[in-house]
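Notes follow once the structure below has been shown.
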Protein chains: 2
Amino acid sequence: MARRKKYKFPKTTIERLSYYFRALEDLSKRGIDTVSSEALGGKLNIKSSQIRKDLSYFGDFGKRGMGYDVKYLLKELKYILGLDREWSVVIVGAGHIGAAMANYDSFEKRGFNIAAIFDNDEKKIGKEINGTPILPYDNIDDFVKQNKIEMAIIAVPAAAAQAVADKLVESGVTAILNFAPVAVQLDENVRCLSVDLTTKLEALAYYMSYSQDKLWKIYS
Amino acid sequence: MARRKKYKFPKTTIERLSYYFRALEDLSKRGIDTVSSEALGGKLNIKSSQIRKDLSYFGDFGKRGMGYDVKYLLKELKYILGLDREWSVVIVGAGHIGAAMANYDSFEKRGFNIAAIFDNDEKKIGKEINGTPILPYDNIDDFVKQNKIEMAIIAVPAAAAQAVADKLVESGVTAILNFAPVAVQLDENVRCLSVDLTTKLEALAYYMSYSQDKLWKIYS
DNA sequence: TCACCCATGTGAAAATTTTAACATACGCCG
DNA sequence: CGGCGTATGTTAAAATTTTCACATGGGTGA
């Protein structure tokens, strides 16, 4: 019953599913068995109708009059999001961001296994971060192939990002999380999402200066 | 002439303005004086019509038949985004992410001044990261008030994030960049953007497992 | 000066996404 | 066992955002 549904839905839904998942984990941890879309929405600042709609794209997971069974919905979301398996990931770039990612424990908890970190700094190669070895950048191709790595995190300077991405894709990686502040051009069967740190701060700067003296606010 | 326009525009426009800004900086650095929406779009994987529309919300910046003057558009975008001034920022949490942010040089380059880092770990207090001192968390209120800090970066565990946010807002901070994997509830005159690291990886996991055996893909 | 080329700015259409509203179904209680 | 309260799943409307198509105007060269 549960699953099987229309398969066209907003891109933003995926992101929200991830939020739901996390909130449900929290509820589960606190021993809460059942939650309504209203309650979940309150926790996440998301309208209850939005939650119901998002879930409805994938199946009927709730019970009318009752709400959603937390554990059951968790299980379903885990499957939907593809978190019911382990993913092998490499990090390219052992700088501050790469190191932070290697130390980010939530990744392991979710099944994202950081297999290795690559860098071309002689001083870093051979060391490890949070138990993960730093290997020479030149070995990346072999390593990715041998270990069937599918996902990669790019944490190198903007100027190097495109070359790194190309190399990764050539080696077989099909999903990339990019921290370099540049738009990487890739084949369309490779998934790439970017985390843009300055952009977010700049958006905040916009919002903060917005209410003050911007002309286009005045002349509508 | 340039500025003064309708003031309602998509939220996503702000983010793109930020991308335009960065791409233009790059062009400028390479000595390119003029760029068309078509060329800029090619660099960023954004449709030219989208770029023209985005810019048109704020003014007429281009010359028909010619394109946009890179330096001029940079200057205008700088103003629009609120980057024509310095912003004082504090970081809360001197863990790996907080440290990475303190070391992220692009912030300074854009006028985001990291004034201090706060933590309650005795072993970290008194040290500094990338020249920025780590101060006791308890001093945060005074510091924010005395230094008229407006922006903050939260890089603490999820469980602590809400309390930290409340304290920051109480002290006078009105914009927050949140790295904690939790939805922070705030007064609506405080701007808060979240950078969600696991969510992005999870979205990738979804896309990767998507093409395989998901039921709702089959039964449309 | 005029004709032609080119790329902007824009108004209208299309596509996407969110919100609202409600009929439907579940469980409980009497 | 039937009525009632409740929260889902869904349909339709509203809102937002993107894309298209083209008239408009600046520059160049003859």
Side-chain angles (χ1 to χ4, degrees), chain A residues 1-20 24 27 32-70 72-73 76-77 80 203 216 219-220, chain B residues 1-20 24 27 32-70 72-73 76-77 80 203 216 219-220:
Chain A
M1 164 120 339
R3 286 184 217 121
R4 136 172 74 56
K5 276 298 187 87
K6 26 182 144 80
Y7 81 112
K8 260 197 139 186
F9 51 86
K11 286 178 284 299
T12 41
T13 290
I14 296 292
E15 196 179 340
R16 283 191 299 263
L17 290 186
S18 191
Y19 297 146
Y20 304 158
L24 288 164
L27 290 173
I32 294 165
D33 291 331
T34 296
V35 69
S36 68
S37 57
E38 194 65 34
L40 189 58
K43 220 171 130 71
L44 293 167
N45 293 328
I46 292 175
K47 288 216 162 60
S48 61
S49 56
Q50 177 79 82
I51 294 179
R52 293 199 300 277
K53 171 135 293 233
D54 282 340
L55 295 175
S56 80
Y57 292 121
F58 301 94
D60 293 355
F61 303 118
K63 285 207 189 95
R64 293 174 193 234
M66 297 282 99
Y68 300 89
D69 182 276
V70 172
Y72 172 63
L73 188 49
E76 291 298 317
L77 284 178
I80 294 167
W216 56 85
Y219 308 81
S220 78
Chain B
M1 164 114 342
R3 287 184 217 119
R4 135 173 76 53
K5 277 296 189 89
K6 24 181 147 75
Y7 82 110
K8 259 197 140 186
F9 52 85
K11 286 179 282 302
T12 42
T13 291
I14 296 290
E15 195 178 342
R16 283 192 299 265
L17 290 185
S18 192
Y19 296 146
Y20 303 158
L24 288 164
L27 291 172
I32 294 165
D33 291 331
T34 297
V35 69
S36 69
S37 58
E38 194 65 35
L40 189 58
K43 221 171 130 72
L44 293 168
N45 295 327
I46 293 175
K47 288 216 163 58
S48 60
S49 56
Q50 178 78 84
I51 294 180
R52 293 199 299 279
K53 174 131 299 218
D54 282 341
L55 295 176
S56 80
Y57 291 122
F58 301 94
D60 294 354
F61 303 117
K63 284 205 191 98
R64 292 174 193 235
M66 296 281 98
Y68 299 89
D69 182 274
V70 172
Y72 171 63
L73 188 49
E76 291 296 319
L77 284 177
I80 293 167
W216 56 86
Y219 308 83
S220 80

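Keep in mind it's a predicted model, so treat the numbers as computed, not measured.
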Report summary line: A/Glu15 CD to C/dT18 C1', in whole Å, measures 15 Å

Report task. Kindly say whether, by distance alone, the side chain of B/Arg52 makes a donor-acceptor pair under 3.5 Å with the base of C/dT8? Result -> no

Query raised in the report: For B/Gly67 and A/Pro10, take the nucleotide of DNA chain C holding the closest heavy atom to each; which residue's nucleotide lies nearer the 5' end?
Result: B/Gly67

Requested in this report: Would you mind reporting whether A/Asp69 and A/Leu73 have side-chain heavy atoms less than 4.5 Å apart?
Outcome: no

Query raised in the report: Which heavy atom of A/Arg52 sits nearest a heavy atom of A/Tyr68, and at what distance?
Result: CG-OH, 3.7 Å

Query - Interface residues of residues 39-49 of chain A with DNA chain D (non-hydrogen, below 4.0 angstrom) - result: none

Requested in this report: Measure from CD on B/Glu38 to P on D/dT19 and round the result to the nearest Å.
Outcome: 13 Å

Report summary line: Sorted by chain and number, sequence neighbours left out, side chain to side chain donor-acceptor pair (under 3.5 Å) with A/Ser49 holds for none

Report task. Using a heavy-atom cut-off of under 4.0 Å over every strand shown, decide if A/Thr12 touches base, sugar-phosphate, or nothing. Result -> sugar-phosphate

Query raised in the report: OP1 or OP2 of C/dT18 sitting under 4.0 Å from any side-chain N/O of A/Arg16?
Result: yes

Query raised in the report: Between B/Ile46 and B/Ile51, which heavy-atom pair has the shortest distance, and what is it?
Result: CG2-CG1, 3.8 Å

Query raised in the report: Whole Å only: how far is the OH atom of A/Tyr57 from the P atom of D/dT8?
Result: 17 Å

**Report entry** Side chain of B/Arg64 - closest among D/dT8, C/dT16, D/dG25
**Finding:** D/dG25

**Report entry** For A/Arg16, salt bridge (charged side-chain N to carboxylate O under 4.0 Å, His left out) partners two or more places apart
**Finding:** A/Asp54

Report task. Please determine, for the side chain of B/Lys11, which listed nucleotide (D/dT16, D/dT18, C/dT16) has the closest atom? Result -> D/dT16

Requested in this report: Give a yes/no answer on whether the side chain of A/Gln50 brings an N or O atom under 4.0 Å of OP1 or OP2 in C/dT19.
Outcome: yes

Query - Phosphate OP1/OP2 of C/dC6: any B/Tyr68 side-chain N/O under 4.0 Å - result: no

Query raised in the report: To the nearest 0.5 Å, how far apart are CZ in A/Phe61 and CG in A/Leu77?
Result: 7.0 Å

**Report entry** B/Lys53 side-chain proximity, nearest of C/dC26, D/dT24, C/dT10
**Finding:** C/dT10

Report summary line: Separation of C/dT18 atom P from A/Ile51 atom CD1, nearest Å, is 12 Å

Query raised in the report: Rounded to the nearest Å, what distance is computed from the CG atom of residue B/Asp60 to the P atom of nucleotide C/dG11?
Result: 11 Å

Query raised in the report: Between OH of A/Tyr57 and CD1 of A/Ile14, what distance do you get to the nearest 0.5 Å?
Result: 11.0 Å

Query raised in the report: Can you check the B/Phe61 CZ to C/dT10 P distance for me, whole Å?
Result: 11 Å

**Report entry** Nucleotide C/dT24, atom P - distance to CE of A/Met66 in whole Å
**Finding:** 20 Å

Requested in this report: Using whole Å, report how far CG of B/Leu55 lies from C1' of C/dA7.
Outcome: 13 Å

